[in-house]
Structure formats: C-alpha cells, structure tokens
Peer 1: 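Let me begin by handing over the structure; questions about it come next.
Fair warning: this is a prediction, and the values are worked out from it, not measured in the lab. In the text below, chain A, chain B and the rest are named by the order of the sequence lines, each starting its count at 1.
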Amino acid sequence: MEASFPMKQIMDEEGRLVDPSYQEQIDEKLVQQLHYHMLRIRTFDRKAISLQRQGRIGTYPPFEGQEACQVGSALALGEGDWVFPTYRDHGATLTFGADMVRMFLYWNGRQEGCVAPPGKHIFPAAVPIATQILHAVGASWAEKRKGTDRVAIAYFGDGATSEGDFHEGLNFASVFQTPTILFNQNNGYAISVPIERQMNSKTIAQKSVAYGMPGIRIDGNDCFAVYFETKRAVEAAREGNGPTLIEAVTWRTGAHTTADDPTKYRPSGKGKDIVDPLVRLERFMKNDGYWDEQAVKTLQDKLNDEVETAVKGMAEFPAPNPEDLFDHVFAVLPPQLQEQKEFYLEFLKG
Amino acid sequence: MVMATKMEAIQAGRTSTKVMTMIQAINQGLRTMLEADETTILLGEDIGKNGGVFRATEGLQDDFGEERVVDTPLSESGIIGASVGLAVNGFKPVAEMQFMGFVYPAYDQIMTHVSRLRMKTMGRFSVPMVVRTPYGAGIRAPEIHSDSAEALFTHMPGIKVVCPSNPYDAKGLLIAAIEDPDPVIFMEPMRSYRATRGDVPEEKYTVEIGKGALLEEGTDLTVIAWGAMIPLAQKAAKAAAQLGIHCDVLDLRTLYPLDLDLIASSVQKTGRVVIVHEAQRTGGLGNDIISSINDTCFLHLRAPIGRVTGFDVPVPFFALEEHYLPTVKRITQQIESVYRF
Ligand SMILES: Cc1ncc(C[n+]2csc(CCOP(=O)(O)OP(=O)(O)O)c2C)c(N)n1
C-alpha cells in the first residue's frame with residue numbers, strides 16, 4: 001500500500017526543485033506570496049505563545065512546523081470557497097482572510113473570535129475532533145446543488161482519522177461526489193499518541209481507496225507540493241470530479257498546546273532532522289535568486305507591527321458583554337430565556 | 001445519617017492517611033484497583049505514556065504495562081463500544097473521556113447498549129464498566145471543554161452517576177464504582193482537581209454509591225449541591241450564617257440513584273431549600289430533586305425551593321464563564337431570599 005502512495009515532493013530539503021516540470025509555474029509572485037504568508041503566520045504563532053505565557057490569552061495550540069501545509073493549501077483556494085478549520089488551522093484561515101484581532105480574541109476566550117469577516121466563508125475552528133469534515137461535505141454539496149463551482153476544504157489531523165465522523169465524511173463525499181478537499185495534516189502525533197499507535201495502516205492517503213476517491217500523499221513541509229497538489233484537487237472538484245483526500249506529511253515542532261509537555265512522550269531526538277518549512281523555502285529563495293536580505297528584514301518589521309497592532313486591537317476590544325450569553329442562542333429570545341437574562345442583568349446591578 | 005467524610009475515616013480507625021489533591025486520590029484509586037483486580041483495564045486517549053492530560057493516570061502504564069493501561073486511538077465511540085465487549089467478557093474497563101464535552105460521540109454506545117444490556121438480556125450479560133470524565137467550567141479552558149452534562153446521564157435509565165467533591169470521596173467512590181456490577185459515570189470536577197486537598201487513607205476503602213453526605217449542619221435551610229459547586233455552597237452557607245441563617249449543606253456525591261432519605265430528613269428539618277448546579281437550568285438535575293422534595297416534604301416546606309444554576313445557554317467561551325457559573329454571591333442571595341420569603 002505504501003508503495004502506491006509515494007510521498008510527492010517538488011522541492012527537497014535543501015530547497016532544490018526535484019521536479020523541474022514546475023519550474024515555469026513557480027514564479028516570483030508565488031514565491032513571495034508563500035514566503036510572506038508563512039512568515040506572517042509564524043510571527044502570529046510565536047506572539048500567541050508569548051501572550052499565553054504572560055497570561056494575556058488562554059491555552060493556545062501552536063502550529064509551528066505546519067506553515068507550508070496551511071499557507072500552501074489556503075492560497076490554492078478561490079475567494080468564494082469554504083474553509084473548515086480545526087483549532088490548529090488558524091494559519092490557514094489567517095492566510096485565507098480571517099481577521100487577526102479576532103483570532104487573538106478567539107484564543108482569549110471570546111466568541112467574537114468566531115465571527116468571520118463579512119462574505120468570507122470561514123467556519124469557526126472545530127474543537128470536537130473530525131466533526132467539521134461532514135460540515136465541509138455539506139457546504140460543498142450545497143454549492144454543487146446551487147450550480148456554482150465553489151469548493152470546500154476540511155482540515156483535520158492524523159488523530160481525526162480514528163473518529164467515525166472522518167469515515168462518514170469521506171463516504172458522504174464520495175457517494176454524493178461533493179466538491180470537497182479533505183486536507184489531512186499528518187503531524188506525527190495526536191497529543192501524545194504517535195501515528196503508528198493511532199492506526200495500523202502505513203499511510204492516511206490509502207484510506208481514500210476504501211471510499212473510491214483519489215488520494216495523494218505529499219511532503220507537507222514543501223510549500224510547492226502543498227500548493228500545486230491542493231490546486232489540482234480544487235480544480236478537479238470545480239470541474240465536477242468530486243472529492244480528493246490529501247495527506248500532507250508534516251511535523252508539529254512544539255507542544256500540542258501550551259498546556260502540554262511533549263518531553264513526556266516524544267523521544268528527545270525525534271524530528272530534530274526535519275528541516276523547517278520556512279527554512280526550506282528560504283533555501284530555495286537563496287538558491288534561485290529570490291532572496292533580498294534587506295527586503296526580508298523590512299517585511300519582518302512590517303509583520304511585527306501588524307501583529308503588535310492586532311494585539312493592541314485585542315486589548316482595546318470592548319469588554320465581554322454578559323448579554324451576549326443570551327442574545328445569540330436563538331434568532332428570537334424565548335420568554336423563558338428572556339426571564340433568565342433579565343434576572344441576571346438585574347443581579348449584576350445589585 | 002452519613003457523616004462528613006473525614007469523620008468516616010477516623011471512625012473506621014484508619015490511621016495511615018496522606019494529605020493529597022483530588023487528582024492524586026483518583027490516581028491512587030486507579031492504582032489500588034489495578035493492584036487488587038487483574039481484570040481492571042484502563043482505556044483512553046493519552047492516558048498511558050502521557051499519564052492523562054490532567055495526570056490522573058500518571059505512572060500507571062509504567063507500573064502495570066501497556067496491556068492494562070491502554071492508549072487508544074482517538075475515538076470515544078470506539079473506546080466505549082470496545083469496553084462493552086471487554087466488560088461482557090470478563091474485564092472491568094475504566095474508560096476515560098478526556099473531557100465531558102467529548103463524551104457525545106460515545107453517547108450512542110452508552111445510551112443504546114451500556115445502559116440496557118443487563119435489562120434486555122435479563123441479566124445474562126452485564127456491563128460492569130466505569131466512564132471517568134473531567135467536567136465543568138471555571139478554569140479558562142477552550143470551548144467545549146467545560147460542559148457539565150450529568151443530566152443527560154441521570155435521565156438515562158440503567159446507569160449510575162457519581163460526582164465526588166473532595167479527595168477522600170473521589171478515591172472511595174471510584175473504587176466502589178469499579179467494583180459495582182453496573183455501569184457508572186464518574187464525573188470529576190476539574191476545577192477541584194488541585195484546588196482541594198484532604199486526608200486520604202492509603203488502603204483500599206469504598207464510599208457507598210447512593211449515599212450523600214451532610215457537610216454542614218444548620219436548622220434554617222438546606223443547600224444541596226455536588227462536585228465543583230460544593231466549595232461555593234459551603235462559602236455561601238458561611239456568609240448566610242453571618243446573616244443569622246444556618247444551613248445544612250448536602251453533598252449528594254451520587255447523582256443517580258439519589259440519596260432521597262438524606263434529602264428528606266434534612267428538608268423536613270429545615271423546610272427551606274436552595275439547590276445549586278452549574279449545568280443548565282432546564283432539564284437540570286435540580287428539577288428531579290425538587291420533585292423528590294415535593295413527594296416527601298410538601299407539608300414541611302416554608303418557602304418555594306430556590307435554584308442557582310447555569311443558564312439555558314451553551315456553556316460560553318471562557319471570557320463569559322464567570323457570568324454563566326453560579327457564584328458565592330448568587331447562592332448567598334438565593335439563600336437569603338428563600339429564607340425571607
Ligand atoms: C471528540 C474529541 N475527543 C477528544 C478531544 C481532545 N483532543 C484535542 S486535540 C486531540 C488530538 C488531535 O490530534 P490530531 O487529530 O492528530 O490533530 P493535531 O492536534 O495533531 O493537530 C485530542 C484528543 C477533542 N478535542 N475532541
């Protein structure tokens with residue numbers, strides 16, 4: 001099985017193109033876009049970790065190491081497409097156009113963080129594992145019914161493939177031939193459980209066979225492989241050829257969340273040889289004459305400013321409003337709940 | 001009448017005790033049963049090598065092996081469904097649901113099989129298993145990590161529900177749950193995991209399932225609570241005492257079956273009741289408690305029964321959780337208003 005799903009790579013760890021057929025499609029604009037977004041979300045991610053340490057936001061799940069997966073896939077989508085992220089995919093949603101202030105708010109326990117910019121089809125992060133896969137199937141099914149060429153992408157981890165919702169989602173997608181991209185980030189661990197304990201199959205991509213859909217295994221730290229293979233799946237879906245399962249093999253550099261201690265379960269040397277996806281792209285840029293030290297410095301300063309401004313935006317955001325506990329549960333507040341609300345607001349006054 | 005937990009230990013003449021947190025007491029309870037009964041098997045996500053996300057199972061895989069302390073795939077329905085098969089075939093599964101908000105994928109298995117296998121096979125098959133699960137809000141956890149879903153299970157026939165509030169009860173009830181011939185949901189107030197410390201005997205002992213405890217004695221009003229609400233109920237009772245209102249504080253400890261005798265004897269004495277739970281109000285267990293009081297104490301009541309509960313909304317993101325959760329102030333005010341009725 002493993003042999004049927006070789007890991008597709010376009011750029012190797014030294015930043016050299018191993019598949020020269022992509023030479024022409026990899027232009028200045030694409031390279032700069034990938035680099036800009038990967039650096040941007042890393043800047044966000046590291047800031048979020050430090051805010052958590054200072055007690056300024058809650059528990060936070062870092063995605064460092066997975067930037068190529070998240071940026072490469074998000075850039076392969078079109079403006080009107082749908083994104084169904086997990087709690088670890090805010091790198092993808094930020095790239096797709098989510099608001100950074102709201103992202104910080106989300107991790108600071110604010111439901112305002114779930115509100116997508118108007119017109120943006122970005123679902124709130126799914127916390128219950130694998131549940132969002134079915135939502136992506138449904139939303140893309142709706143697009144198909146409406147006769148548009150929009151698609152939906154569902155992000156999920158390796159652990160998610162053990163939940164029933166994963167299998168139900170793939171089956172629905174293939175039975176109804178929905179335009180869905182099933183984007184798996186295989187980062188080696190589901191909290192403490194390594195992939196070889198999570199499943200007996202050697203790849204995640206091979207699970208596509210059981211559902212009669214195309215599946216592909218890619219090097220998830222190669223932003224070009226992620227971008228072009230996601231794009232291929234998106235185009236197939238747009239043309240009415242149904243879903244694709246993508247397994248992007250990557251690595252979670254840090255802890256599962258800021259409340260987790262990976263030294264308890266991850267052998268200390270493990271993963272140390274993996275070349276960081278951003279470093280890999282930088283190597284490519286240096287090899288191929290895209291690297292401008294001064295421009296990158298300027299960009300980093302600009303991104304630091306953007307992130308600091310967003311942190312300020314979070315801090316200055318209106319305080320949590322207790323009325324929001326009640327007001328958004330239903331379209332119209334039922335009398336029973338209205339009464340509870342009035343009681344509580346009265347209580348707060350006294 | 002069941003006495004405060006510390007007293008029980010002293011009365012039983014146990015001397016070898018250790019001060020520990022609730023999470024340590026749970027760990028001890030699991031260890032005790034792994035030692036005492038080789039059919040005990042622990043299953044769950046991240047419970048082995050990692051020792052559980054709250055460290056409830058710390059060290060157990062090292063000492064009892066991977067066959068008995070099992071890191072499962074990430075599948076709640078899988079954990080519970082497989083536990084049914086293990087349980088009917090000679091094992092005592094103790095399954096961990098990482099947070100109560102993640103028990104829902106397993107609800108089907110619990111509702112349609114765990115709870116009714118004994119009945120429909122007229123006792124030929126039974127499911128002696130325990131489902132441990134941290135529950136409750138108040139620790140700034142991410143979304144869905146703060147649910148308090150006891151009423152979904154007290155409503156479910158064929159399953160017992162227990163919920164300790166302190167380290168002593170946690171160990172004793174856990175051992176009783178594992179030894180129980182029927183399935184038990186074991187709810188662990190995560191807010192109290194490290195916040196409460198107490199004397200815990202090092203030996204094996206049980207706290208009887210179905211028995212509550214009278215934690216404070218008063219004459220004017222009965223406060224009924226469990227789990228994470230107990231420390232708040234006790235503080236409110238103290239505040240009420242300053243106002244001259246003296247309360248019984250009942251810790252139910254078991255939510256199904258209820259200790260109806262304990263509730264009746266206290267309410268018949270005081271004639272006034274305030275029930276505290278952090279779960280939503282509608283369909284909350286408080287309503288069943290009120291019904292039981294209606295059945296046994298109607299002519300003793302001197303005021304309508306008060307409730308301090310969560311509101312009928314999903315448990316909010318943590319920025320608003322303090323507004324959702326009962327507080328000492330809300331409980332104290334409710335005590336006062338019931339008393340002054
Ligand atoms: C239904 C459910 N069960 C358990 C959890 C607790 N939990 C949160 S993340 C996680 C591991 C997920 O692993 P994976 O799918 O590989 O994604 P990753 O976190 O590695 O991105 C677990 C068990 C949950 N969120 N939802």
Peer 1: Heavy-atom pairs under 4.5 Å with chain B - which of T59(A), D260(A), L325(A), L337(A) has more of them than the others?
Peer 2: L325(A)
Peer 1: Does a side chain donor of either Q185(A) or D89(A) reach within less than 3.5 Å of an acceptor in the other side chain?
Peer 2: yes
Peer 1: Taking only heavy atoms into account, what residues of residues 328-341 of chain B are found under 4.5 Å from chain A?
Peer 2: K329(B), R330(B), Q333(B)
Peer 1: Using the rule given for salt bridge (Lys or Arg N to Asp or Glu O under 4.0 Å), can you reason through K264(A) versus E58(B), listing the C-alpha separation, both sets of side-chain angles and the distance that settles it, and then say yes or no?
Peer 2: CA-CA 10 Å; K264(A) 293 211 56 127; E58(B) 180 99 71; 2.4 Å; yes
Peer 1: Taking side chain as everything from C-beta outward and backbone as N, CA, C, O, which of these in E66(B) sits under 4.5 Å from a heavy atom of chain A? Side chain, backbone, both or neither.
Peer 2: side chain
Peer 1: Sort out for me which of K341(A), H328(A), R197(A) touches chain B most, counting heavy-atom pairs under 4.5 Å.
Peer 2: R197(A)
Peer 1: According to the interplanar angle, ranging from 0 to 90°, do the rings of W107(A) and H90(A) count as parallel (below 30°), tilted (30 to 60°) or perpendicular (above 60°)?
Peer 2: tilted
Peer 1: Can a side-chain donor-acceptor contact be found between N184(A) and Y155(A) if the only test is distance below 3.5 angstrom?
Peer 2: no
Peer 1: Identify whether the distance between the nearest side-chain nitrogen and carboxylate oxygen of D71(B) and K49(B) falls below 4.0 Å.
Peer 2: no
Peer 1: Measure distances from L333(A) to the heavy atoms of chain B and classify the residue's part below 4.5 Å as side chain, backbone, both or neither.
Peer 2: neither
Peer 1: Pick one of side chain, backbone, both or neither for F166(A), based on which atoms fall under 4.5 Å of a heavy atom in chain B.
Peer 2: neither
Peer 1: In terms of heavy-atom proximity below 4.5 Å to chain B, should N321(A) be classed as side chain, backbone, both, or neither?
Peer 2: backbone
Peer 1: Check the orientation of F311(B) and Y324(B). Use parallel for under 30°, tilted for 30 to 60°, and perpendicular for over 60°.
Peer 2: perpendicular
Peer 1: Is it the side chain or the backbone of F102(B) that comes within 4.5 Å of chain A heavy atoms, both, or neither?
Peer 2: side chain
Peer 1: What part of A259(A) is in contact with chain B, defined as an atom under 4.5 angstrom from a non-hydrogen atom: side chain, backbone, both or neither?
Peer 2: neither
Peer 1: Measure L348(A) against the heavy atoms of chain B and call it side chain, backbone, both or neither at under 4.5 Å.
Peer 2: side chain
Peer 1: Determine, stepwise, if the pair F104(A) / F44(A) fulfils ring pair (Phe, Tyr, Trp, His ring centres under 6.0 Å).
Peer 2: CA-CA 9 Å; F104(A) 279 127; F44(A) 171 91; 4.5 Å; yes
Peer 1: Quick check: do Q280(B) and T309(B) have side-chain heavy atoms less than 4.5 Å from each other?
Peer 2: no
Peer 1: Can a side-chain donor-acceptor contact be found between E150(B) and S148(B) if the only test is distance below 3.5 angstrom?
Peer 2: yes
Peer 1: Return the orientation label for the H135(A) and F123(A) ring planes: parallel under 30°, perpendicular over 60°, tilted otherwise.
Peer 2: tilted
Peer 1: Using non-hydrogen atoms and a 4.5 Å limit, figure out which bit of A319(A) sits close to chain B: side chain, backbone, both or neither.
Peer 2: neither
Peer 1: From Q70(A) CD over to L94(A) CG, what is the distance, rounded to the nearest 0.5 angstrom?
Peer 2: 9.0 Å
Peer 1: So what's closer than 4.5 Å to chain A heavy atoms on Q98(B): side chain, backbone, both or neither?
Peer 2: side chain
Peer 1: Answer with side chain, backbone, both or neither: which region of T327(B) has an atom nearer than 4.5 Å to a non-hydrogen atom of chain A?
Peer 2: side chain
Peer 1: Show your working on ring pair (Phe, Tyr, Trp, His ring centres under 6.0 Å) between H323(B) and Y344(A) and close with a plain yes or no.
Peer 2: CA-CA 8 Å; H323(B) 294 289; Y344(A) 189 62; 5.6 Å; yes
Peer 1: Given that the side chain runs from C-beta out, which part of V329(A) has a heavy atom under 4.5 Å from chain B: side chain, backbone, both or neither?
Peer 2: side chain
